[in-house]
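Both counts, for ligands and for their atoms, begin at 1 and track the order of listing.
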Amino acid sequence: MFMRPSAAFDSAADRAAIQTFAGDVEYYLTLSPRQLPSHYLYDALGTALFEAICELPWYRITRAERSLLGSRGREILAHIKPLGTLIELGPGSGEKLAGLVDAGAAQLHGARLTAHLIDVSAAALDLASRTLGALDANQSIEIVTHQATYEAGLVQAAAQKRSPGRTLALFLGSNIGNFDPPGADAFLRHIRAALAIGDFLLIGTDLVKPEAELLLAYDDPLGVTAAFNRNLLVRINRELGADFDLASFRHRALWNDAESRVEMHLVTARRQQVRIPAAFLDITLAAGEAIWTESSYKYRPDAVVRILECAGFKLVDQWIHDEDGFALTLVAAT
Ligand code: AVI
């Protein structure tokens with residue numbers, strides 16, 4: 001029987017997470033085409049590599065969003081009167097939410113706010129709480145963290161809401177782009193269900209742009225995105241005892257115009273047999289065969305509004321970063 005060396009020290013939660021990972025790997029790697037869910041890209045190294053991607057000159061999402069939140073923060077918060085509660089799904093370092101609160105401070109008049117931060121990563125929640133805690137002392141923010149999936153965290157945040165005033169939920173970073181259209185619709189409806197009529201959602205979305213620009217963002221000359229992608233196999237080798245030959249996998253990014261998405265794949269240069277003991281799986285990959293690891297949907301501004309309307313919101317305002325092709329859209333729950 002396959003035993004990982006550190007198994008004796010794992011908590012029950014760690015073991016359950018490994019089992020879920022193994023089950024997903026077994027299911028998705030036997031689909032045709034073979035695939036792996038993109039949320040598994042984010043172990044500790046994957047998260048660090050993603051942060052490095054955000055600093056690359058060719059990946060403009062983070063910078064464009066930061067710039068819009070800074071320049072339009074005041075206008076954004078002016079729509080929400082009075083603001084009582086913030087809910088951020090995936091706060092990262094907390095720097096974007098802090099930027100918005102900072103930029104819109106004049107609109108808040110020192111109002112007491114509660115910020116619910118939702119993430120599966122305890123480290124991310126800790127960092128985001130410290131970033132928000134370091135904000136101007138004139139702006140009092142009570143921080144509540146939910147170490148949970150977005151769906152579970154939304155339910156918890158809605159149940160615990162105490163502050164009077166409106167709620168603003170934030171789903172930034174174009175994270176909605178990693179959901180396929182039915183998944184995006186279902187997820188936006190989850191957010192809507194956690195809000196009351198008249199509450200708000202601010203969502204960041206990367207926009208369709210010339211193919212060459214998109215491909216540079218997802219296949220950068222420094223190879224950071226390639227490392228981010230390949231690390232998924234490193235993780236499977238480490239956590240599930242697999243024997244993927246990493247050196248023979250090439251990172252491939254392609255623009256699928258019909259589906260309006262950038263896809264990331266890992267392509268093996270040679271035929272290889274792979275054993276994944278913890279997933280009870282043996283597979284043979286043909287030379288040139290690909291494993292599809294991520295989709296990143298790109299939107300047109302009106303398409304963003306349409307998907308939000310379908311999920312029970314109405315447009316309040318939309319701000320576009322023309323140079324970098326990025327949109328922030330503010331909608332109200334109807
Ligand atoms: C987190 N997500 C929005 C990123 C994206 O652009 O789809 C993940 C990423 N994949 C490759 N580079 C960045």
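- A salt bridge is absent between D243 and R275: the closest approach of a Lys/Arg side-chain nitrogen to an acidic carboxylate oxygen does not fall below 4.0 angstrom.
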Just the distances, no angles: every ligand 1 N or O to protein N or O pair closer than 3.5 Å, one line each.
| unit_1 | atom_1 | unit_2 | atom_2 | d |
| --- | --- | --- | --- | --- |
| ligand 1 | 2 (N) | N178 | OD1 | 2.9 |
| ligand 1 | 6 (O) | Y59 | OH | 2.6 |
| ligand 1 | 6 (O) | Y218 | OH | 2.4 |
| ligand 1 | 7 (O) | N178 | ND2 | 2.9 |
| ligand 1 | 7 (O) | S296 | OG | 2.6 |
| ligand 1 | 10 (N) | E294 | OE1 | 2.8 |
| ligand 1 | 10 (N) | E294 | OE2 | 3.1 |

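- Ring orientation note: the planes of H146 and H116 are close to parallel, at an angle under 30° on the 30°/60° scale.
- The hydrophobic cluster containing W255 does not contain W292, counting ILVMFWY residues as joined when their side-chain heavy atoms lie under 4.5 angstrom apart, directly or transitively.
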Let me check something: any side-chain donor-acceptor pairs from residues 277-289 under 3.5 Å, sequence neighbours excluded? List them with distances.
| unit_1 | atom_1 | unit_2 | atom_2 | d |
| --- | --- | --- | --- | --- |
| E289 | OE1 | A286 | N | 2.9 |
| E289 | OE2 | R34 | NE | 2.7 |

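- Listed by chain and residue number, L207, Q318, I320 satisfy the side-chain contact (heavy atoms from CB on, under 4.5 Å) test with P301 (two or more places apart in sequence, or in another chain).
- With sequence neighbours left out, D322 forms a side-chain hydrogen bond (donor to acceptor under 3.5 Å, both in side chains) with no residue at all.
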